[in-house]
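Nothing fancy with the numbering, it's 1 onward along the sequence.
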Amino acid sequence: MASSSLARVRIVAINDVYDLANLPRLQTFLSRLDTKPSAVVLAGDFLSPSTLSSIDGGRGMVATLRATGLTHVSFGNHEQDIRLDALHQRLLDLSKSVVVLNTNMRRELQPARAEWMKEVTQPYSIITSPCNRVQVALLGLLSDEPGIFRDNTFKGIPIDNVVDTYMNTVREILGSQIADFCLPLTHESMQRDKELAHAMLDHSTTLLHPQTKGVIIGGHEHEPYDELVTTDDGNDGFVRILKSGMDANAASLIDLTFECQEASQPAQLVEVDYDLVPLATFDPSVVVQKIVDTHESVVKALENETIIDTESTAMLPPGAFLSSKRTRFEQTTVGSIFCQMIKEEREVDAAIINGASIKGGMDYPDGKMSYAQLKKELPFPTKLV
């Protein structure tokens, strides 16, 4: 295979970013790459949930992502935590410099509530190799798994089946020769990503013309994954599922190598090089850090604010003492209050928290807990909490 027939597309990926802390380090990492990426993508969950987003509705995250150098985002399930009008404004701000991918929520949009989604988001985006010989279409696919959303819709917006939408979109893109290759950004469970991967392989001859290798850049899981899904017939076909973990603790560095064929034939993916790069060793970008500090100052100002006051809110029966001591072994009043808060927020009848997720060991004689103390009680990234 002659080297002149090869072309490479580099992509940097992160997913599930709830904290701004590592984004200045990501910008430094991007600035030091010898070969600049064709795309820097975030596969869902960035506007919520976090303490800052609960205050500013995601403004700080949007400003930081734009400064970091992100080029594409797709929807995660937690983007629906924000009111539709606020989500519209955040995505409008973000889309000034970042492509918001939305491939499977484009139908039955109510004009009064969500018609804007067709204008602010894109069904796909084309990126190219540095030599301009390879075009890759990025898709954004949000999970349609039952139970992820309360009514199985995104605030009333139907979520189309991921596999069906992928197949239909690929037929449109490849059939019109818009791109050589389609790469989905997904936000769904690993099991569903594997189902999509198998569908990609099963239909490779009719859809990928004749691509036998594929890549899924995923989100939703908070741990890194590098999963290889292969065919059952023993050939060399595969789909590689890559997830970076949460909060940009690490970034996926993905190099796709294509063999360029005749002009009438699409370039064919022949190799996938992947490295999960920890970002802790990179110094924060001074410019991006200033943006982060400006927005996080709102949260820091809350450190000594009282978050829980059992006397003024009647959270506990008369005479009950606010304490988290022995929370791993028995029900505590702090644990009871946390469960009550979750019940009210999620509108459910019961809430259960593993006692080990509450650090415990504290008495609160005055019945009050500050935000700083609350963070000490809940030091672990427990998804429910």
Option passing side-chain contact (heavy atoms from CB on, under 4.5 Å) with [X] (candidates [options]):
X: F75; options: L87, T103, N104; value: L87
X: I308; options: M369, Q373, E377, K368; value: M369
X: E188; options: L142, L196, L141; value: L196

**Message:** Strictly below 4.0 Å, N to O, side chains only: are K325 and D363 in salt-bridge contact?
**Reply:**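 Salt bridge flag = yes for D363 with K325.
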
**Asked** Is a salt bridge present between K375 and E303, judged by a nitrogen-to-oxygen distance below 4.0 Å?
**Response**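 Salt bridge flag = yes for E303 with K375.
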
Would you say [X]'s side chain and [Y]'s backbone share a donor-acceptor pair under 3.5 angstrom?
X: Q135; Y: N132; value: yes
X: S324; Y: T327; value: no
X: R240; Y: V272; value: yes
X: T121; Y: L101; value: no

**Asked** Can you check side chain to side chain donor-acceptor pair (under 3.5 Å) on E172 and N168, steps first, answer last?
**Response** CA-CA 6 Å; E172 174 190 347; N168 292 334; over 6 Å; no

**Prompt:** Hey, is CD on E345 packed in by over 12 heavy atoms from elsewhere, all under 6.0 Å?
**Reply:**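 Not more than 12 within 6.0 Å, no.
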
**Asked** More than 12 foreign heavy atoms under 6.0 Å from CG of L228: is that the case here?
**Response**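 Yes, CG of L228 has more than 12 neighbouring heavy atoms, counting only those of other groups under 6.0 Å.
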
Distance-minimising heavy-atom pair for [X] and [Y]:
X: C260; Y: R133; result: SG-CB, 3.9 Å
X: Q122; Y: V99; result: CG-CG1, 4.0 Å
X: N15; Y: A43; result: CB-O, 3.8 Å
X: H295; Y: L52; result: O-CD1, 3.4 Å

Do [X] and [Y] have side-chain atoms, one donor and one acceptor, less than 3.5 Å apart?
X: T310; Y: Y364; value: no
X: D144; Y: N161; value: yes
X: S143; Y: E145; value: yes
X: Y18; Y: D16; value: yes
X: D283; Y: T28; value: no
X: S252; Y: Y274; value: yes
X: S53; Y: S50; value: yes
X: S38; Y: R10; value: no

**Item:** Check: H72 ring centre within less than 6.0 Å of Y124 ring centre
**Value:**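 No; Y124 has its ring centre 6.0 Å or more from that of H72.
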
**Request:** With side chain to side chain donor-acceptor pair (under 3.5 Å) as the test, would you mind laying out the steps for S48 and E79 before giving the verdict?
**Result:** CA-CA 6 Å; S48 179; E79 269 61 74; over 6 Å; no

